[in-house]
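What follows is a set of notes on a single structure, which appears directly below.
So that the names make sense, note that chain A is the first sequence line, chain B the second, and so on, each numbered from 1. Computed from a predicted model, the values in this text were never measured in an experiment.
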Protein chains: 2
Amino acid sequence: MNLETITKTAETASKRRYEDACGAAHALDLVGERWALLVVRELLHGPLRYTDLAAKLPGCGTNILANRLRDLEAGGVLAKRRLPPPAASQVYELTPYGQALKPVIRELALWGIRSLGPPNFEGQLEPDWLEHALATVFAPVAPAGTFEFKVGELVASIRDGEVYPGPAEEPDAVLEARDPSSFYFLFVERSWDGVTVEGDRDLFEQLLEAASPSAVDAPAATVAA
Amino acid sequence: MNLETITKTAETASKRRYEDACGAAHALDLVGERWALLVVRELLHGPLRYTDLAAKLPGCGTNILANRLRDLEAGGVLAKRRLPPPAASQVYELTPYGQALKPVIRELALWGIRSLGPPNFEGQLEPDWLEHALATVFAPVAPAGTFEFKVGELVASIRDGEVYPGPAEEPDAVLEARDPSSFYFLFVERSWDGVTVEGDRDLFEQLLEAASPSAVDAPAATVAA
DNA sequence: CCGCATCCCCAAAGATACTG
DNA sequence: CAGTATCTTTGGGGATGCGG
């Protein structure tokens, strides 16, 4: 590596910023670029390698991903970590400051889901969508207790505000939804069609109430052509 | 107007979307483009005319603003309204769905302010920054009661979760901060330097506790070159 | 393979001028 | 006042290459 290379590497600065002394504007300076918040969303559930991250973000070019990772690292949102010798790979993980973006992602998701419409076909959803949804949307506001969620083939649970894969031991309430669509309509429109709850139904409704988006009329769901 | 014009107007579609069945991704499809959330931020405090909006967003070209307004209107976030005859002008205002973005802006601001640093000089701040800050950050979580805020020359108050300009009648608690910087450090770092509270201090601390960002270590404040 | 860097193309951002 | 037209610049998106 020669001097030119070093200079070239170092001069990759020159960011485009809002010149605005406002917390929201500054937040957008750090995570407002395209794909940035989706990178954070993925890392909310644990560290990931570059390739796995790329696989979870189809449509994001590898160069863009590399750029975002650099920017987010420079902004103190995430950090690169080298795994101990046996595994010669490295992972990206959120810093505590990056983890603090969870409420932002949560509010965005609560807002966006109302105009998103129910999942159209199974292929749209990742296998771990239920755990992720529970972790970002339900767990942060869950009352004390143990909840089990069965949606279609998937099962996950919440105990004391933490999410676990699979069924729970001695759950206080067990929700069973026919499919992701039923779960969607329960969450967004409070429709109990295709949904049953066993156990402490009041406790479950308390959770649902705490987690649900405020009911304002959203525009018609965007239908993919 | 001829056919070409109409066609030209109609074909201005072709948006760039994340193809992702996730609420957050869909939210970013609607308000994730550059300047979009700042437009929403401005409109949170009431309808604005095009020119006033442009004036509040220096750095945003008029064409970009026009594009964002079109996109946001198409997305059901805001609406264009013609004022009654005497005033021949029109204003942009948030729809109820657009108003529901307030928690998103709020969380963004809470997150961003921790790495923003205190305001450096007075010119950075708009004259109504205090009212806006109270409205988005404090008011939504304010306990019942009346609060008065005196920060430097500015005075505003909160009663029953609503913000009013100027002092309050019979406030339960009155905060007085020497300058915006003192207010910043109180909010972000819980430093009472340059700040005094008269009246029900416990009630005020309750408000502060409810409104403050969780205390995680943020990266060093970004210093403008 | 994994983790990027480089190249090319085009869509969007940014700046400025101009018009009903 | 409320935008549109036009031009330049920047950054995203896709493909490919390449060192470790």
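Using a 4.0 Å cut-off, some side-chain N or O of Thr51(A) falls inside it from OP1 or OP2 of dG3(C). An OP1 or OP2 oxygen of dG13(D) is reached within less than 4.0 angstrom by a side-chain nitrogen or oxygen of Trp35(A). Within the 4.0 Å cut-off from OP1 or OP2 of dG12(D), at least one side-chain nitrogen or oxygen of Arg68(A) is found. In terms of phosphate contacts, Arg34(A) brings a side-chain nitrogen or oxygen within less than 4.0 Å of OP1 or OP2 of dG13(D). For Tyr92(B), no side-chain nitrogen or oxygen approaches OP1 or OP2 of dC1(D) to under 4.0 Å. Note on Arg70(B): every side-chain N or O is 4.0 Å or more away from OP1 and OP2 of dG3(D). Between Tyr18(A) and dG14(C) there is no side-chain N or O to OP1 or OP2 distance below 4.0 Å. Contact between the side-chain N/O atoms of Arg16(A) and the OP1/OP2 oxygens of dG14(C) is found at a separation under 4.0 Å. Contact annotation: Lys80(A) reaches the phosphate of dC4(C) (side-chain N/O to OP1 or OP2, under 4.0 Å).
With hydrogens and angles disregarded, a donor-acceptor distance shorter than 3.5 Å links the side chain of Arg106(B) to the backbone of Val137(B). With hydrogens and angles ignored, the 3.5 Å screen pairs no side-chain donor or acceptor of Tyr18(B) with any backbone N or O of Cys60(A). Judged purely by atom type and a 3.5 angstrom limit, Arg82(B) has no side-chain atom pairing as donor or acceptor with the backbone of Gln90(B).
Between Tyr97(A) and Trp111(B), the angle of the ring planes stays under 30°, which puts this pair in the parallel group of the 30/60° scheme. Ring pair His132(A)/His45(A) is parallel by interplanar angle, where below 30° counts as parallel and above 60° as perpendicular.
Rounded to an integer number of Å, the gap from CG of Leu69(A) to P of dC4(C) is 7 Å. Whole-Å rounding puts the Asp29(B) CG to dA12(C) P distance at 13 Å. The separation between Leu53(A) atom CG and dG3(C) atom C1' is 12 Å, rounded to whole Å. The distance between atom CG of Asn67(B) and atom C1' of dT6(D), rounded to the nearest whole Å, is 14 Å. Rounded to whole Å, the distance from CG on Leu48(B) to C1' on dC1(D) is 14 Å. Counting to the nearest Å, the P atom of dC4(C) and the CD atom of Gln90(A) are 5 Å from each other. One can place CD of Glu73(B) at 9 Å from P of dG3(D), the figure rounded to the nearest angstrom. At whole-Å resolution of the value, CD1 in Ile64(B) and P in dT16(C) are 12 Å apart.
Mapping Val91(B) and Glu33(A) onto DNA chain D via the closest heavy atom, the residue that lands nearer the 5' end is Val91(B).
Under 3.5 Å, the side chain of Asn63(B) and the base of dG3(D) form no donor-acceptor pair of N or O atoms.
If you check every strand for non-hydrogen atoms under 4.0 Å, Thr62(B) touches a base.
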